Amino acid sequence: MAMERTVPEAPQPMLSLTQAWIAAARPKTLPASIAPVVVGTAVAIHAGGVHWLAAALALITALLLQIAANFANDALDFQRGTDTADRVGPTRITASGIVTLRGVLRATALTIGLAVLSGLYLVWRGGPWLLVVGLAAIVCVYAYTGGPFPLGYLGLGEVFVFLFFGPVAVTGTAYVQMLHLTALAWVAAIPLGALAIAILCVNNLRDLETDRAAGKHTVAVRIGARKTQFEYGAMLAIALLAPPLFWLAGWLSWWWLLTWLTLPLMLGLWRQITTRTGRPLNATLAATGRTMLLYSVLLAAALVLS
C-alpha cells in the first residue's frame, strides 16, 4: 500500500513549565490505565460485588503508576542517549532541557510515593499478595527503561504492557472489590491487554529509526515496520473477536454487540497505521488510546447489562 506523503513540520514550540509536565505525563497514553479499571469494575458489578471506594483508588493508583513510568522513561531515555534531535515524537522535557534530569527523577519518585499512598487501602483490603503486585509494578516503572536489563530495550515491552494493562490491572481491580476472582475477570483482561499493546506498537513504529540508531531493540526494530503494522492489526482483531467468543462461552449476552461500535474506528486506525510514518503517527497513537477507552466503556456496558 502506498505511503502518505508527509510534509516536514516546523520545530515544535518551546513549552511552558506547566505544559511540559503535562506533556511528560503523556495524557494520550493514559487510557491504557483507565480502561482496565473500567472493565474490572464492570466485572465486579456483573458479579454483584462492586466497591466504589476501592474502584476509585484503583484508578488513581493505576494512573499515578503510569505517569511515574512515563516520567522515568523521559529521564532514562535521555540518560541513555535515545532521545535526540531526530526524535519525531512529542517533546521530551529532559532532552529539551526544560527540566533537569534530577528534577524529572525527583518527580518520578514523588509520583511513585503518591501511588503508594493511594494503594495502601487496596493492600489493606486485598491482602499481602496485592503488596507483591504493587512492588512488582513499582520495580517495572524503573526497569522498563532503566537498570542493566531494561525491558523496553530488550524487546520485552509487549510482554510488560500486556501483563500490567491486561490481567494485572483488570483482575486486580476486580479483586479489590469482590475479594475473589472469577474466570470472567481473567478473560475480560485479554482484549484490554491487546489494545494496550496496540498503543505501544504505534509508539515503537513511530520511533523505529531513532530507536534502531540508539540500540533500543524494541519488537518493531527487531521485526521491521511492515510486520509491526500487522502486529497492530492483530491486536485490534483480538479486541473485536473476544466479545463474540465470550458470548459463545456464556459470559456475555447479545449486548456484546456494543463493542463492535468501535469497528469503524478500528478500520480507520488500520488505514492510518499502514499509510503513515513518523510524526503523523502521533495522531494515530492518540486515536488508539481514545478507541481503547471507548471500547472499555462499551465492554463494561455489555458486562453490566448481561
Side-chain angles (χ1 to χ4, degrees), residues 12-30 32-34 57 59-120 122-123 131-157 159-161 163-165 168-169 196 199-200 203-204 206-207 210-211 213-218 282 285 289:
Q12 299 182 43
M14 182 62 71
L15 303 176
S16 70
L17 192 58
T18 300
Q19 291 172 326
W21 283 115
I22 293 173
R26 302 183 202 174
K28 294 177 182 178
T29 68
L30 295 183
S33 287
I34 300 170
L57 288 173
L59 176 60
I60 292 169
T61 303
L63 283 169
L64 287 170
L65 286 173
Q66 187 181 358
I67 291 170
N70 289 340
F71 286 166
N73 185 250
D74 193 299
L76 297 175
D77 269 351
F78 167 74
Q79 192 174 50
R80 288 180 176 275
T82 304
D83 288 340
T84 68
D86 296 326
R87 175 177 167 78
V88 294
T91 300
R92 293 292 183 90
I93 64 172
T94 318
S96 64
I98 300 174
V99 183
T100 65
L101 174 64
R102 179 175 294 182
V104 179
L105 290 176
R106 284 177 176 171
T108 303
L110 174 61
T111 310
I112 290 173
L114 293 173
V116 170
L117 287 176
S118 66
L120 286 176
L122 302 178
V123 172
L131 178 62
V132 175
V133 172
L135 290 174
I138 291 170
V139 169
C140 286
V141 165
Y142 174 76
Y144 189 79
T145 47
F149 305 105
L151 300 175
Y153 284 72
L154 298 175
L156 297 174
V159 175
F160 165 82
V161 163
L163 289 176
F164 279 91
F165 294 100
V168 171
I199 293 176
L200 182 64
N203 183 83
N204 290 347
R206 181 199 63 202
D207 296 340
T210 52
D211 284 348
K216 187 175 182 179
H217 300 119
T218 63
N282 288 329
L285 188 149

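A quick note: this is a predicted structure, and the numbers were derived from the prediction, not measured.
- Contact between Ile199 and Gly289 at its shortest, heavy atoms only, is CD1-CA, 3.9 Å.
- In this structure, CG in Asp211 is found 8.0 Å from CG in Asn203, a value given to the nearest 0.5 Å.
- Here the OG1-CG distance, from Thr61 to Leu120, works out to 9.0 Å after rounding to the nearest 0.5 Å.
- The shortest non-hydrogen separation linking Ile93 to Val104 is CD1-CG2, 3.9 Å.
- For the pair Ser118 and Leu64, the tightest heavy-atom approach, listed with the atom from each and the gap, is OG-CD1, 4.0 Å.
- Side chain of Asn70 to backbone of Ala25: a donor-acceptor contact under 3.5 angstrom is found.
- Atoms CG and CG, on Leu76 and Leu101 in that order, are 7.5 Å from each other to the nearest 0.5 Å.
- When every heavy atom of Ile22 is checked against every heavy atom of Pro27, the shortest pair comes out as O-CD, 3.1 Å.
- Note that the CG atom of Leu151 and the OG1 atom of Thr218 stand 13.0 Å from one another [nearest 0.5 Å].
- The line from OG1 of Thr29 to CG of Leu200 is 10.5 Å long, rounded to the nearest 0.5 Å.
- Taking every heavy atom of both residues into account, Ala137 and Leu65 meet most closely at CB-CD1, 4.0 Å.
- Contact annotation: the side chain of Leu135 never approaches that of Val139 to less than 4.5 Å [non-hydrogen atoms, C-beta and beyond].
- Between Thr108 and Ala72, the shortest heavy-atom contact is OG1-N, 3.4 Å.
- Ile138 has its side chain within reach of Val116: a pair of non-hydrogen atoms, C-beta onward, lies under 4.5 Å apart.
- With respect to the salt-bridge test (charged N to carboxylate O, under 4.0 angstrom), the residues Asp77 and Lys216 qualify.
- Aromatic ring pairs are classed by plane angle as parallel below 30°, tilted from 30° to 60° and perpendicular above 60°; the pair Tyr144 and Phe160 is tilted.
- When side chains are defined from C-beta on, Arg26 counts as touching Asp74, because their heavy atoms get closer than 4.5 Å.
- Thr100 OG1 to Phe78 CZ: the interatomic distance, rounded to the nearest 0.5 Å, is 9.5 Å.
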Next item on the list: Could you please spell out the steps behind the side chain to side chain contact (heavy atoms under 4.5 Å, CB included) verdict for Ile67 and Leu30?
Entry: CA-CA 8 Å; Ile67 291 170; Leu30 295 183; 4.0 Å; yes
